[in-house]
Amino acid sequence: MSRKTWGITVTVLAFLVVIAAAVWYTRRDQATPPEDQRGTELVEMLPAETTPDQTVRAQEQGSPFGETAQERPSEYEYILRNHDDYVTVYRLPEDEIYEYTDVILDVLPEELQEEIRQGKYLRNEEELYNFLENYTS
């Protein structure tokens, strides 16, 4: 192999490595789990990032108790919310994503869908797993 061919080969390989690293870096922080991880069990992921407009909407809507998040009763440990049309479990008081579920929001009863869109509060792990047992396949 000549020096010119060798140089071109090394350059192309280096370019491919840079592209692969860039793709990996941009996809590593995606909030939605890959399709092959969506099953009947829960998938632990990194905490979700909240955008400023989500914070403003949450403050405008308030909680089901007519209070702000700071005044929310402390007896609640979890809240269920809509995340990309799936039910997602957030842990309180940090309000970080605790676990993703495979529960599709559209297959739930209409009243429960609305409750989850507004934030369905759960007192403890027992209530959380009772909900999940009822609605996971």
Side-chain angles (χ1 to χ4, degrees):
M1 201 186 291
S2 72
R3 282 186 158 198
K4 187 175 182 178
T5 307
W6 181 252
I8 290 172
T9 303
V10 169
T11 303
V12 169
L13 286 175
F15 182 73
L16 291 174
V17 167
V18 169
I19 289 176
V23 168
W24 172 81
Y25 184 77
T26 57
R27 290 180 166 226
R28 70 182 173 87
D29 287 335
Q30 287 183 345
T32 306
E35 290 299 321
D36 60 327
Q37 288 183 349
R38 288 189 179 168
T40 56
E41 63 264 353
L42 302 174
V43 180
E44 292 186 35
M45 297 298 285
L46 297 173
E49 295 179 18
T50 304
T51 61
D53 64 316
Q54 288 174 324
T55 305
V56 169
R57 277 185 294 186
Q59 289 172 350
E60 289 171 354
Q61 291 175 350
S63 74
F65 309 106
E67 303 160 341
T68 63
Q70 289 79 18
E71 299 169 344
R72 174 179 50 245
S74 60
E75 72 248 19
Y76 293 95
E77 290 184 38
Y78 302 97
I79 183 170
L80 302 177
R81 291 193 183 128
N82 176 21
H83 183 81
D84 294 333
D85 296 324
Y86 283 85
V87 176
T88 303
V89 181
Y90 289 75
R91 186 172 187 103
L92 299 173
E94 300 88 14
D95 205 24
E96 296 177 340
I97 290 181
Y98 176 67
E99 294 177 291
Y100 288 93
T101 71
D102 69 336
V103 179
I104 300 170
L105 192 65
D106 293 340
V107 300
L108 298 175
E110 193 65 40
E111 184 178 298
L112 185 56
Q113 287 181 32
E114 188 57 37
E115 200 175 343
I116 290 172
R117 284 187 184 107
Q118 292 181 7
K120 178 173 178 57
Y121 289 88
L122 302 173
R123 285 181 175 28
N124 52 38
E125 201 170 89
E126 182 180 347
E127 283 187 10
L128 171 63
Y129 288 103
N130 284 339
F131 170 86
L132 295 173
E133 281 180 20
N134 288 328
Y135 295 105
T136 54
S137 50

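To the nearest 0.5 angstrom, Q113 atom CD is 11.0 Å from I104 atom CD1. Note that the CG atom of L132 and the CG atom of D102 stand 9.0 Å from one another [nearest 0.5 Å]. Of the inter-residue distances, the one linking Y121 atom OH with R81 atom CZ reads 6.5 Å to the nearest 0.5 angstrom. Taking CG from L108 and CD from E114, the interatomic distance works out to 12.5 Å, rounded to the nearest 0.5 Å. Taken to the nearest 0.5 Å, the CG atom of N130 stands 11.0 Å off from the CD atom of E125. We find the CG-NZ distance between L112 and K120 to be 6.0 Å, quoted to the nearest 0.5 Å.
Hydrophobic clustering of Ile, Leu, Val, Met, Phe, Trp and Tyr side chains at less than 4.5 Å, counting indirect connections, unites Y86 with V107. Criterion: ILVMFWY side-chain heavy atoms under 4.5 Å apart, direct or through other members. Under it, L16 and I8 are part of a common hydrophobic cluster.
Smallest separation of non-hydrogen atoms from T88 and Y100: OG1-CD2, 3.9 Å. Minimum heavy-atom separation, L122 to L128: CD1-CA, 3.6 Å.
Not one N or O on the side chain of E75 forms a donor-acceptor pair closer than 3.5 Å with the backbone of R123.
At least one side-chain heavy atom of I116 sits less than 4.5 Å from a side-chain heavy atom of F131. Residues T101 and Y135 are not in side-chain contact: their nearest non-hydrogen atoms beyond the backbone lie 4.5 Å or more apart.
Pairs of residues two or more places apart, or lying in two chains, that qualify as side-chain hydrogen bond (donor to acceptor under 3.5 Å, both in side chains) and include a residue from residues 2-21 are S2-T5.
Listed by chain and residue number, E77, Y78, E94, Y98 satisfy the side chain to side chain contact (heavy atoms under 4.5 Å, CB included) test with R91 (two or more places apart in sequence, or in another chain). Contacts of E127 classified as side chain to side chain donor-acceptor pair (under 3.5 Å), with partners at least two apart in sequence or in another chain: none.
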Stepwise side chain to side chain contact (heavy atoms under 4.5 Å, CB included) test for V87 and N82: CA-CA 5 Å; V87 176; N82 176 21; over 6 Å; no
